[in-house]
Amino acid sequence: MQVKIFCAAVLAVIFFASIVHAEGEQKKSVWQPEIRIGVLNGVTRFYFQMSEPCVMINPENNEVIQKINADEKITIEVENLEVDAVEIRGEKVQLKDLQTTINGKKYYGGLRVNKREKFLTVINLAPVEEYLRGVVPKEMSASFPVEALKAQAVAARSFTLKNRNRHKADGYDLCSTTHCQFYAGAISFPSSDQAVLETRGEILIYGGAVVDANFHADSGGMTENVVDVWAKKVPYLLPAEELEKETQPWTVKISLQDFCGIIGEKIGALKKINSTKMVIGQSAEDRTQSGRVKFIEIVGEKNTLTISGKDLRTKFSLPSTLFNIRFENEEIIFEGFGRGHGVGMSQRGAQAFAKSGMKYDKILEHYYSGTALKKLY
């Protein structure tokens with residue numbers, strides 16, 4: 001009997017320690033992870049207001065420093081903050097039911113302020129689901145079909161939890177820019193709110209771990225193998241074909257003089273540029289499996305320079321590396337397709353699949369090979 005009781009206790013501990021819900025569980029959890037989003041860095045003062053009565057606490061010992069009334073305007077200045085950090089949380093409401101206004105801009109959840117020497121870091125404390133309400137409609141148009149938005153919500157939630165400590169050195173989890181995910185604060189659209197709600201707690205996993213669900217605007221016709229972009233092998237970030245090819249065409253022209261100046265190498269007079277013709281989905285020595293540029297050769301009178309497609313995109317602010325390049329009439333002309341790095345889910349591609357009738361789980365399966373949906377809470 002003691003052995004049975006012990007085993008049952010162990011199983012109970014494992015169950016409650018895990019945040020993964022069993023299939024068929026009817027009761028929805030009210031718990032969700034809390035994310036720290038850096039919204040202001042290196043400031044010396046700012047003001048805030050809370051939507052509900054709150055308390056300011058010292059997170060080191062949880063002592064209440066002061067009480068704050070709803071809509072009361074409070075200014076914090078670095079020279080007047082006597083502790084290393086403060087947090088502002090609801091006195092009687094949960095974070096999900098609280099909004100913070102920081103310098104006039106509204107955010108979901110509460111607030112934390114870290115003091116470092118002569119500067120302040122202002123951090124939004126937000127539950128994941130509320131955070132996603134401010135992310136999804138900024139990363140993908142709220143006018144897209146709801147199945148595409150649901151795929152975006154799952155990808156964004158997975159990215160959030162996978163990269164939770166990305167800015168640990170700065171004192172928070174994620175920033176509010178496209179370096180992490182574009183977080184616009186407390187915004188709301190019926191379609192994207194629905195997508196977040198209907199996928200609540202769902203993430204992608206591979207081999208039991210949360211997926212680093214990268215995404216981009218438009219692949220141009222085929223997504224990219226991550227190893228060709230960031231030189232790392234990830235088994236679920238492989239090339240995936242799109243319903244549509246040669247989407248979002250673009251052209252960038254630059255004078256020969258400016259081109260050589262930006263390249264910064266003394267090659268002498270330009271004689272020619274060696275680059276095979278782009279065919280989407282066809283590789284070559286100088287092109288990846290999706291057809292993106294690995295490198296080009298710039299042949300000059302003095303020497304020949306090899307430069308990667310990734311460096312070309314950075315140097316000349318190109319929309320993607322899916323392009324052809326030619327030298328004509330004292331101009332260098334780039335002509336290509338798509339937008340973004342090409343890794344993971346194409347948002348325009350997800351839109352096309354959703355319009356064709358594909359559900360969000362199948363869209364995710366298409367772009368993240370071998371992954372599975374898991375409900376965490």
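Interatomic distance, Leu40 CG to Phe46 CZ, rounded to the nearest 0.5 Å: 7.5 Å. Rounding to the nearest 0.5 Å gives a distance of 8.5 Å between CD1 of Ile187 and NZ of Lys105. With rounding to the nearest 0.5 angstrom, the CG atom of Leu305 is 6.0 Å from the CD1 atom of Ile263. Gln94 contributes atom CD, which lies 11.5 Å from atom CZ of Arg89 (distance to the nearest 0.5 angstrom). Put simply, CZ on Arg292 and OG on Ser283 are 13.5 Å apart, with the number rounded to the nearest 0.5 Å. To the nearest 0.5 Å, the span separating NE2 on His341 from OG on Ser320 amounts to 12.0 Å.
By the 4.5 Å heavy-atom criterion applied to side chains, Asn214 and Trp230 are counted as neighbours. At least one side-chain heavy atom of Arg112 sits less than 4.5 Å from a side-chain heavy atom of Pro59. A heavy-atom distance below 4.5 Å is not found between the side chains of Asp71 and Asn69. Using a 4.5 Å heavy-atom cutoff, the side chains of Lys315 and Ile307 are in contact. Contact of the Phe159 side chain with the Gln181 side chain is registered, since non-hydrogen atoms from C-beta on lie closer than 4.5 Å. Taking 4.5 Å as the limit, every side-chain heavy atom of Ile74 sits out of range of all side-chain heavy atoms of Tyr47. Side-chain atoms of Asn165 and Asp173, non-hydrogen and from C-beta on, do get closer than 4.5 Å to each other. Side-chain contact between Phe144 and Ser192 is absent, with no heavy-atom pair separated by less than 4.5 Å.
No donor-acceptor pair under 3.5 Å is formed between the side chain of Thr223 and the backbone N or O of Ser219. Side-chain atoms of Arg157 come within 3.5 Å of backbone N or O of Thr199 as a donor-acceptor pair. Proximity of a side-chain donor or acceptor of Lys375 to a complementary backbone N or O of Tyr377 within less than 3.5 Å is detected. Side chain of Glu139 to backbone of Phe182: a donor-acceptor contact under 3.5 angstrom is found. Side-chain atoms of His366 do not come within 3.5 Å of backbone N or O of Ala350 as any donor-acceptor pair.
Here the closest heavy-atom approach between residue Pro127 and residue Leu95 is recorded as CG-CB, 3.7 Å. Nearest approach of Leu81 to Lys115, heavy atoms of both residues: O-NZ, 2.7 Å.
Relative orientation of the Tyr206 and Tyr236 rings is tilted, given thresholds of 30° and 60° on the angle between their planes.
For an aromatic pair to be called close, the ring centres must be under 6.0 Å apart, and Phe337 with Phe323 fails this.
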(message) Quick one, Tyr131 with Tyr108, criterion ring-ring contact (aromatic ring centres under 6.0 Å, His included). Give me CA distance, side-chain angles, the key distance, then yes/no.
(response) CA-CA 7 Å; Tyr131 165 67; Tyr108 295 113; 9.7 Å; no
